[in-house]
Amino acid sequence: MKRIVLFLITNLAVMLVLSASMSILGVGRYMSAQGLDLTQLLIFSCLVGFTGSFISLLMSKWMAKQSVNARVIDPNAPANAEEAWLVDTVHQLADRAGIGRPEVAIYDGEPNAFATGAFKNDALVAVSTGLLRGMTEEEVMAVLGHEVAHIANGDMVTLTLIQGVVNTFVIFLARVAGYFVDRVLLRNERDSVGIGYYVAVFVFELIFGVLASIIVAWFSRQREYRADAGSAQLLGSRQPMIHALARLGGMEPGALPKNFEAAGISGGGAVSAMFASHPPIPARIQALQNAQSV
């Protein structure tokens, strides 16, 4: 229920910002008696395509904490030695990476960890109790290095920009294709578009959306390889990350909400490898073993 409420809040925020932006910019009227105004349609597509992605990014820390009931550790008053070690380790890794010290949180759940946040110097690293209990201290440190590397690489912003770009093309191309179906295939000669246009737009958005998700998933998998290598750089050795991945391969990873699943150390299942946000564990281990440095 909490995740449903958060989803509704996010979408309400998106709709409010979209409505205000369209009113201010005077866009959204891309259809006229003369046909499609491609310039207006492109502006509309960019606005819709990027708004949701950036609002989700800006709200990501708050949503992440609420979604998994994460408890942020007070760096000045950790509850126990484990929390003190966790905060100290993340802060040391952040200092090595040259970024601001992120908030550190713990949440109850199966093995997983994630990093999120809109800014490198104001991020969040969260670790599940299942991961802390199931891994050695060195392996946990490697996972933390992986998440800090995500932040240092600017992966959250990069993926948001990629998502915004593909969203823009999906919206734009679906409406161009829908207009073609309405005017050329269905031979609608009225000033306004017919029901065929709306049906076609819906169908093409589904088709193009599936193709777009393959592109986003590919970029997400490349981020994981980079973050694995980043962890090895921060720790000065590839072995801790290799051991952590091997350990993770024998665990049942904890599920994360879809809006920041790609930020986890391990992704959820996918219908096909093309749609997976994370590469297979053996491929990640092989990539680290084949690395020329560290």
Side-chain angles (χ1 to χ4, degrees), residues 1 3-60 63 67 159-220 257-262 267-277:
M1 178 59 69
R3 291 180 183 178
I4 293 174
V5 172
L6 292 172
F7 174 79
L8 292 175
I9 290 174
T10 304
N11 280 273
L12 179 60
V14 170
M15 293 306 298
L16 290 173
V17 173
L18 274 176
S19 298
S21 300
M22 286 182 187
S23 297
I24 294 170
L25 298 175
V27 300
R29 299 182 181 88
Y30 52 83
M31 191 77 69
S32 68
Q34 287 73 41
L36 279 178
D37 184 332
L38 294 180
T39 301
Q40 285 285 315
L41 177 57
L42 183 58
I43 295 172
F44 169 83
S45 301
C46 286
L47 192 59
V48 175
F50 279 93
T51 297
S53 297
F54 274 105
I55 287 179
S56 293
L57 177 65
L58 292 172
M59 296 177 65
S60 61
M63 288 187 66
S67 296
L159 203 60
T160 297
L161 291 172
I162 292 168
Q163 186 68 62
V165 169
V166 298
N167 287 348
T168 297
F169 277 100
V170 167
I171 294 164
F172 181 85
L173 294 176
R175 279 153 181 77
V176 171
Y179 187 80
F180 176 82
V181 169
D182 184 66
R183 296 301 190 192
V184 178
L185 299 184
L186 299 180
R187 300 182 184 279
N188 176 22
E189 297 180 357
R190 294 174 297 175
D191 290 343
S192 61
V193 293
I195 187 66
Y197 167 81
Y198 297 103
V199 173
V201 168
F202 176 76
V203 171
F204 280 115
E205 280 194 346
L206 289 178
I207 295 171
F208 295 150
V210 169
L211 296 176
S213 66
I214 294 174
I215 296 172
V216 175
W218 183 86
F219 276 102
S220 179
K258 286 293 181 185
N259 56 336
F260 58 94
E261 183 180 75
V271 175
S272 165
M274 292 188 300
F275 297 95
S277 61

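Position 1 is the first residue of the sequence, and the numbers go up from there. Here the structure is a predicted model, which is why all the values come from computation and not from measurement. Both backbone and side-chain heavy atoms feed into the values below; hydrogens, waters and symmetry mates do not.
Taking the ring pair (Phe, Tyr, Trp, His ring centres under 6.0 Å) definition, one finds that Phe208 meets it with Phe204, sequence neighbours left out. For Val210, the side-chain contact (heavy atoms from CB on, under 4.5 Å) test picks out Phe275, with sequence neighbours left out. Legend: residues meeting side-chain contact (heavy atoms from CB on, under 4.5 Å) with Leu206, ordered by chain and number and at least two apart, are Phe202. In terms of the ring pair (Phe, Tyr, Trp, His ring centres under 6.0 Å) criterion, Tyr197 has no residue partners (sequence neighbours excluded). With sequence neighbours excluded, the residues that form a side-chain contact (heavy atoms from CB on, under 4.5 Å) with Ile195 are Val199. A search for side-chain contact (heavy atoms from CB on, under 4.5 Å) contacts involving Thr168 returns Leu42, Ser45, Cys46, Phe50, not counting sequence neighbours.
Residues Asn167 and Val48 have side chains not in contact (no heavy-atom distance under 4.5 Å, counting atoms from C-beta outward).
Of all heavy-atom pairs spanning Ala174 and Val201, the tightest one is O-CG2, 3.7 Å. Here the shortest heavy-atom pairing between Gly164 and Ser53 reads N-OG, 3.8 Å. Across all their heavy atoms, Ser277 and Ser220 have their closest contact at O-OG, 2.8 Å. Of all non-hydrogen atoms in Val170 and Ala212, the two that sit nearest each other are CG2-CB, 3.8 Å.
Residue Ile207 holds its CD1 atom at 12.0 Å from CG of Leu173, rounded to the nearest 0.5 Å. If you take CG on Leu211 and CE on Met274, they are separated by 9.0 Å, rounding to the nearest 0.5 Å. Going from atom CZ of Phe219 over to atom CD1 of Ile162 covers 4.5 Å, rounded to the nearest 0.5 Å. One finds the CG atom of Leu36 at 8.0 Å from the CZ atom of Phe172 (value rounded to the nearest 0.5 Å).
For residues 207-219, there are no salt bridge (Lys or Arg N to Asp or Glu O under 4.0 Å) pairs, not counting sequence neighbours. Applying the salt bridge (Lys or Arg N to Asp or Glu O under 4.0 Å) test to every pair with at least one member in residues 169-180, sequence neighbours left out, gives these pairs: Arg175-Glu205.
Checking each of Leu161, Leu159, Val165, Val166 against Gln163 for a side-chain contact (heavy atoms from CB on, under 4.5 Å) leaves exactly one that passes, namely Val166.
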